[in-house]
Amino acid sequence: NADGAYSYGLEVDIRKNLAFMGMPSFDFVFNGALIKSLVEFPEGDREENRPMQGQSPYLVNTGIFYYNEPLQLSVNLLYNRIGKRIVGVGRTTGGGDASRNIRVPDSYEMPRDAFDLTASKRFGLLEIKLAIRDLLNQQVTFKQFSDVMVQGEGRRIEQVTRCYRPGMNLNFSATLTL
């Protein structure tokens with residue numbers, strides 16, 4: 001078992017109407033966080049100190065929001081990015097002495113950019129909505145990293161263990177309010 005764990009960070013949340021720039025129908029929103037986490041194991045333990053599983057070292061969420069009340073029209077563009085985070089904790093396996101142990105590295109989800117676009121328009125009792133998620137459709141990549149000695153020289157090896165494109169998601173809906 002771990003000796004202990006901690007997580008601390010700093011978060012910034014900004015919401016600003018852009019009327020001061022001559023764009024009163026636009027709002028800017030930014031949320032960002034820097035996080036430091038660590039799971040600590042006892043000295044001599046077979047496991048290695050590491051960040052908490054699932055905890056990104058940074059998060060960025062931002063967007064531009066447009067709303068035109070006379071037209072009953074809303075359009076939003078959102079951006080999201082997470083830092084490299086552990087999705088699978090590695091383990092040390094083997095027996096007896098340390099020279100026979102093998103380290104299975106942690107598995108990481110790598111950062112990627114995600115943009116979403118949403119729009120809605122009201123026509124009296126009818127509201128039409130369109131949402132497009134993951135406009136860039138960037139590849140989701142999982143990697144493992146291992147520090148090894150090759151001919152007396154330290155090297156970091158990285159292995160892509162899984163990658164895929166999640167696809168762009170298109171959603172269209174109409175709502176009638178009676």
Side-chain angles (χ1 to χ4, degrees), residues 1-21 23 25-67 74-93 101-120 131-148 154-169 171:
N1 288 335
D3 272 347
Y6 66 84
S7 179
Y8 63 88
L10 174 69
E11 182 177 14
V12 175
D13 195 27
I14 299 170
R15 298 172 188 273
K16 183 70 177 161
N17 180 273
L18 300 182
F20 73 97
M21 296 174 59
M23 301 186 303
S25 298
F26 288 87
D27 290 312
F28 171 75
V29 174
F30 173 86
N31 177 269
L34 294 172
I35 302 117
K36 172 71 174 167
S37 70
L38 186 66
V39 177
E40 297 177 311
F41 292 93
E43 187 71 34
D45 195 277
R46 289 173 37 162
E47 300 307 322
E48 298 175 359
N49 293 351
R50 59 169 172 77
M52 288 182 183
Q53 179 180 357
Q55 180 62 67
S56 295
Y58 67 87
L59 305 163
V60 175
N61 296 294
T62 191
I64 296 286
F65 297 82
Y66 171 79
Y67 180 66
S74 172
V75 180
N76 307 316
L77 179 62
L78 307 166
Y79 171 76
N80 174 266
R81 184 174 175 96
I82 58 167
K84 179 175 108 175
R85 63 182 174 187
I86 296 175
V87 293
V89 175
R91 292 280 180 250
T92 299
T93 62
N101 290 341
I102 297 172
R103 176 78 185 154
V104 177
D106 298 329
S107 182
Y108 290 88
E109 179 181 2
M110 302 307 290
R112 72 183 195 102
D113 302 303
F115 283 94
D116 297 336
L117 179 66
T118 62
S120 67
I132 305 171
R133 299 203 184 271
D134 205 356
L135 282 165
L136 299 178
N137 191 24
Q138 286 185 345
Q139 185 169 282
V140 176
T141 303
F142 297 90
K143 289 184 177 181
Q144 288 179 304
F145 300 88
S146 185
D147 295 321
V148 298
R155 289 192 186 164
R156 173 155 262 207
I157 296 174
E158 61 182 68
Q159 171 80 36
V160 174
T161 57
R162 181 175 166 214
C163 61
Y164 65 93
R165 289 193 188 280
M168 198 180 332
N169 182 304
N171 185 6

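FYI, the numbering just counts along the sequence from 1.
- Summarising the geometry of Ala131 relative to Thr118, their closest heavy-atom pair is CB-CG2, 3.9 Å, with the distance given to 0.1 Å.
- Put simply, the side chain of Asn76 does not reach to within 4.5 Å of the side chain of Tyr67, judged on heavy atoms.
- Summarising the local packing, CZ of Arg50 is surrounded by more than 12 heavy atoms from other residues, nucleotides or ligands at distances under 6.0 Å.
- Of the possible donor and acceptor atoms, none in the side chain of Glu109 sits under 3.5 Å from a partner among the backbone N and O of Val87.
- Atom CZ of Arg15 is surrounded by 12 or fewer heavy atoms from other residues, nucleotides or ligands within 6.0 Å.
- In this structure, Val39 and Asp3 have side chains that are not in contact, with every pair of non-hydrogen atoms separated by 4.5 Å or more.
- In this structure, the side chains of Ile14 and Val29 stay at 4.5 Å or more apart for every pair of heavy atoms.
- The side-chain contact (heavy atoms from CB on, under 4.5 Å) test applied to Leu135 returns Leu77, Phe115, Leu117, Ile132, Met168, not counting sequence neighbours.
- Expressed to the nearest 0.5 Å, how far OG1 of Thr141 lies from CZ of Arg165 amounts to 8.5 Å.
- Side chain of Ser56 to backbone of Gly83: a donor-acceptor contact under 3.5 angstrom is found.
- A salt bridge is absent between Lys84 and Asp106; no separation between the charged side-chain nitrogens and carboxylate oxygens falls under 4.0 Å.
- Separating the CD atom in Gln53 from the OG atom in Ser37 is a distance of 11.0 Å, to the nearest 0.5 Å.
- The distance from atom CG of Leu78 to atom CG of Asn80, rounded to the nearest 0.5 Å, is 9.0 Å.
- Expressed to the nearest 0.5 Å, how far OG of Ser107 lies from CD of Gln159 amounts to 10.5 Å.
- The shortest distance between side-chain heavy atoms of Pro105 and Phe145 does not fall below 4.5 Å.
- The aromatic ring centroids of Phe65 and Phe26 lie 6.0 Å or more from each other.
- The closest donor-acceptor contact from the side chain of Thr161 to the backbone of Phe142 lies under 3.5 Å.
- Expressed to the nearest 0.5 Å, how far CD1 of Ile64 lies from CZ of Phe30 amounts to 12.5 Å.
- Scored by the salt bridge (Lys or Arg N to Asp or Glu O under 4.0 Å) test, Arg81 finds Asp113 as partners (sequence neighbours excluded).
- When atom types are taken as modelled, the side chain of Arg91 and the backbone of Val104 share no donor-acceptor pair closer than 3.5 angstrom.
- We find the OH-CD1 distance between Tyr108 and Ile86 to be 4.0 Å, quoted to the nearest 0.5 Å.
- By the 4.5 Å heavy-atom criterion applied to side chains, Pro166 and Arg112 are counted as neighbours.
- In this structure, the side chains of Asn31 and Thr62 stay at 4.5 Å or more apart for every pair of heavy atoms.
- Judged purely by atom type and a 3.5 angstrom limit, Ser74 has no side-chain atom pairing as donor or acceptor with the backbone of Ser120.
- One N or O on the side chain of Asn49 and one on the backbone of Phe41 form a donor-acceptor pair closer than 3.5 Å.
- Between Ser7 and Gln55 there is a side-chain heavy-atom pair separated by less than 4.5 Å.
- When side chains are defined from C-beta on, Tyr58 counts as touching Pro111, because their heavy atoms get closer than 4.5 Å.
- Listed by chain and number, the residues in a ring-ring contact (aromatic ring centres under 6.0 Å, His included) with Phe20 amount to none (sequence neighbours excluded).
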